[in-house]
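Only one structure is covered here, and it is reproduced in the block below.
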Amino acid sequence: MDRPRPAKVTTVSPPPTPPVTVIGIGADGWEGLGPAAREALRTAEVVIGGRRQLGLLPPECPGDLVPWPSPLRPAVPGLFAAHAGRRISVLASGDPMFFGIGRTLAELLGAARLRVLPHPSSVSLACARLGWALEETEVISLVGRPLATLNRELYAGRRLLVLSAGADTPAEVAGLLGERGFGPSRLRVLEQLGSERERCVEGTAEEWPHPPGDPLNVIAVDCAPADGARPLSLAPGLPDAAYEHDGQLTKRHVRAATLAMLAPAPGALLWDVGGGSGSIAVEWMRAHRTCRAISVERDPVRAERIARNADALGVPGLTVVTGAAPDALAGLPTPDAVFIGGGLTAPGVLDACWAALPPGGRIVANTVTLESEALLADWYRRHGGDLVRLAVSHATPVGGFTGWRQAMPVTQWSAAKPLAFRGPGGDAADPGRSVEAAQAAQGEPR
């Protein structure tokens, strides 16, 4: 008797998801696009972009034209889900991966899903017009970013290209330069780069003569300080007078030693616990433009002061959390380094900070009191690292002579969590949360 043969099962794979083509487009519009970009737009069923960019397309692009919603980032997943299975092209200004929408799409959709066709960026076109070496030119975007971002970048002889947020930005930049002692700086505003309407206007920051022009512009700045201007160093240890404070300030020489032990690195995140005036967080972020910091301060007045110091010193991206540690640390993104400048004796602060650090993360704690010093000695005994006393003396008048006046010595403990550490509480912070999430807890495409 024949046995029944098992039914044959055929697996049908779902059709591949069409790639999202991200196309850079300049002020020259359709005429400036290459064959691949034109073909992608002709065959797209959906074209997403800014209203200005969509307006550059000719009738031969029959796809549905969809302007970006606002706010953009939270809407992206739903927007693309609504057009799933359709051929989608996205328009971006210039090079989509340079301060553009390409980065956002890569993060939210995955880089493997994107096909990027760049156009020369406004920065490349500006350097070509100015005769500036692109690799020696600092680029600062003010699109969706505070004007105070410029404060970190002002040094004699430096060349800056500022990506403008609109027609009013050149006058705002000129005003800031004058306020910061860089009034003699030469400004050139390059409008509609690459189009038939391209033009350039210029003047000095202190005598900027031009009314608002075209909103599509890039600002070239030749930095020149006025007589007597003293730009601040990017090295740690800024003068104490650079900060607004009420006495709660890690003093200059101790601050430099503290930053050396914290060892800022590009992209790294610092928790500044007991922020005071925010000096440690500010100088951490000044070390590199991608450094990030969260300053935790329980006093609301001081928290506002930290934000003002961050703006004045060119790091307006510093996140300030108002609240007392350790409770205020809950849910913050995982730090690469932690500095504790106040509140050491509050129950659980050191434990929470140590638990939040990933293997290899660094911790530095400073104190001037015997009680906190005893606590740091115990942690040094348990976890190793370095325990040092920092003493600074300043020369001061003594009658008709000069003598040394010693400041209160500072005891400092620093350590790195062992790479093999797997102790309890190591996942106290959520590494998936971003600094933006921390800001949101405190209740723009190009």
Side-chain angles (χ1 to χ4, degrees), residues 17-58 60-61 63-83 86-128 134 139-145 161-166 169 190-195 197-198 214-219 444-446:
T17 302
V20 174
T21 304
V22 186
I23 299 166
I25 189 168
D28 48 0
W30 183 256
E31 296 300 320
L33 296 178
R38 291 188 181 188
E39 181 62 20
L41 290 168
R42 288 193 189 101
T43 59
E45 297 172 277
V46 179
V47 181
I48 304 172
R51 295 185 185 277
R52 179 186 63 81
Q53 296 157 345
L54 294 173
L56 297 174
L57 299 183
E60 62 191 272
C61 299
D64 296 336
L65 304 184
V66 179
W68 287 114
S70 181
L72 184 148
R73 190 179 181 94
V76 167
L79 178 62
F80 281 83
H83 298 287
R86 305 181 74 188
R87 292 188 300 276
I88 301 175
S89 288
V90 173
L91 291 176
S93 294
D95 186 341
M97 304 308 296
F98 186 73
F99 288 103
I101 191 63
R103 172 180 175 176
T104 299
L105 296 180
E107 292 173 353
L108 297 179
L109 304 180
R113 193 177 167 192
L114 303 183
R115 176 189 180 215
V116 180
L117 304 176
H119 183 278
S121 70
S122 58
V123 168
S124 294
L125 293 172
C127 284
L134 183 58
V139 180
I140 302 99
S141 176
L142 295 183
V143 180
R145 294 170 175 82
L161 278 180
V162 182
L163 305 182
S164 178
T169 305
L190 299 98
E191 301 177 348
Q192 288 284 337
L193 280 164
S195 80
R197 293 178 293 159
E198 180 179 320
D214 195 286
L216 194 63
N217 68 78
V218 175
I219 308 162
E444 90 239 24
R446 291 190 63 252

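For reference, positions follow the sequence shown, starting with 1.
- Taking the side chain as every heavy atom from C-beta outward, Ser164 and Leu142 never approach each other to under 4.5 Å.
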Arg73 and Leu108: CA distance, side-chain angles, deciding distance, side chain to side chain contact (heavy atoms under 4.5 Å, CB included) verdict: CA-CA 9 Å; Arg73 190 179 181 94; Leu108 297 179; 4.0 Å; yes

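- Distance alone, capped at 3.5 Å, places no donor-acceptor pair between the Glu39 side chain and the Pro35 backbone.
- For the residue pair Pro96 and Val116, the shortest heavy atom distance occurs at CG-CG1, 4.0 Å.
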Ser93 vs Ile25, test: side chain to side chain contact (heavy atoms under 4.5 Å, CB included). Steps then yes/no. CA-CA 5 Å; Ser93 294; Ile25 189 168; 5.9 Å; no

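- Looking at Asp95, its side chain never comes within 3.5 Å of a backbone N or O of Gly24 through a donor-acceptor pair.
- From Leu117, atom CG reaches atom CZ of Arg38 across 13.5 Å, with rounding to the nearest 0.5 Å.
- Atom CZ of Arg86 has more than 12 heavy atoms from other residues, nucleotides or ligands within 6.0 Å.
- For the 3.5 Å distance criterion, the side chains of Ser195 and Asp28 fail to qualify, holding no donor opposite an acceptor.
- A side-chain donor-acceptor contact under 3.5 Å links Gln192 and Asp214.
- Nearest heavy atoms, Cys127 versus Leu134: SG-CD1, 3.7 Å.
- Between Phe99 and Val123, every side-chain heavy-atom pair lies at or beyond the 4.5 Å cut-off.
- Between atom CG of residue Asp64 and atom CG of residue Leu54 there is a gap of 11.0 Å, rounded to the nearest 0.5 Å.
- Note that the CD1 atom of Ile23 and the OG atom of Ser89 stand 4.0 Å from one another [nearest 0.5 Å].
- Shown here for Leu114 and Gly102, the closest heavy-atom pair between the two residues is CD1-O, 4.0 Å.
- Remark: Leu216 CG to Ser122 OG distance equals 8.0 Å, nearest 0.5 Å.
- You'll find the side chain of Leu91 reaches within 4.5 Å of the side chain of Leu41, heavy atoms only.
- With Arg87 contributing its side chain and Thr43 its backbone, the two residues share a donor-acceptor pair below 3.5 Å.
- Taking CZ of Phe80 as the start and CD1 of Ile48 as the end, the distance is 4.0 Å to the nearest 0.5 Å.
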Mind running side chain to side chain contact (heavy atoms under 4.5 Å, CB included) on Val66 and Leu79 for me, showing each step along the way? CA-CA 10 Å; Val66 179; Leu79 178 62; 4.0 Å; yes

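- Not a single salt bridge (charged side-chain N to carboxylate O under 4.0 Å, His left out) links Arg52 to another residue, sequence neighbours left out.
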Checking side chain to side chain contact (heavy atoms under 4.5 Å, CB included) for the pair Leu163/Ile140: CA distance, chi angles, key distance, verdict? CA-CA 6 Å; Leu163 305 182; Ile140 302 99; over 6 Å; no

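- The two residues Trp68 and Gly50 have their closest heavy-atom pair at CD1-N, 3.5 Å.
- Using a 4.5 Å cut-off on side-chain heavy atoms (C-beta onward), Trp30 and Cys61 make contact.
- Within the 4.5 Å cutoff, the side chain of Leu57 has heavy atoms near those of the Val47 side chain.
- For the pair Ala36 and Arg115, the tightest heavy-atom approach, listed with the atom from each and the gap, is CB-NH2, 4.0 Å.
- Rounding to the nearest 0.5 Å places CG of Leu161 at 10.0 Å from CD1 of Ile219.
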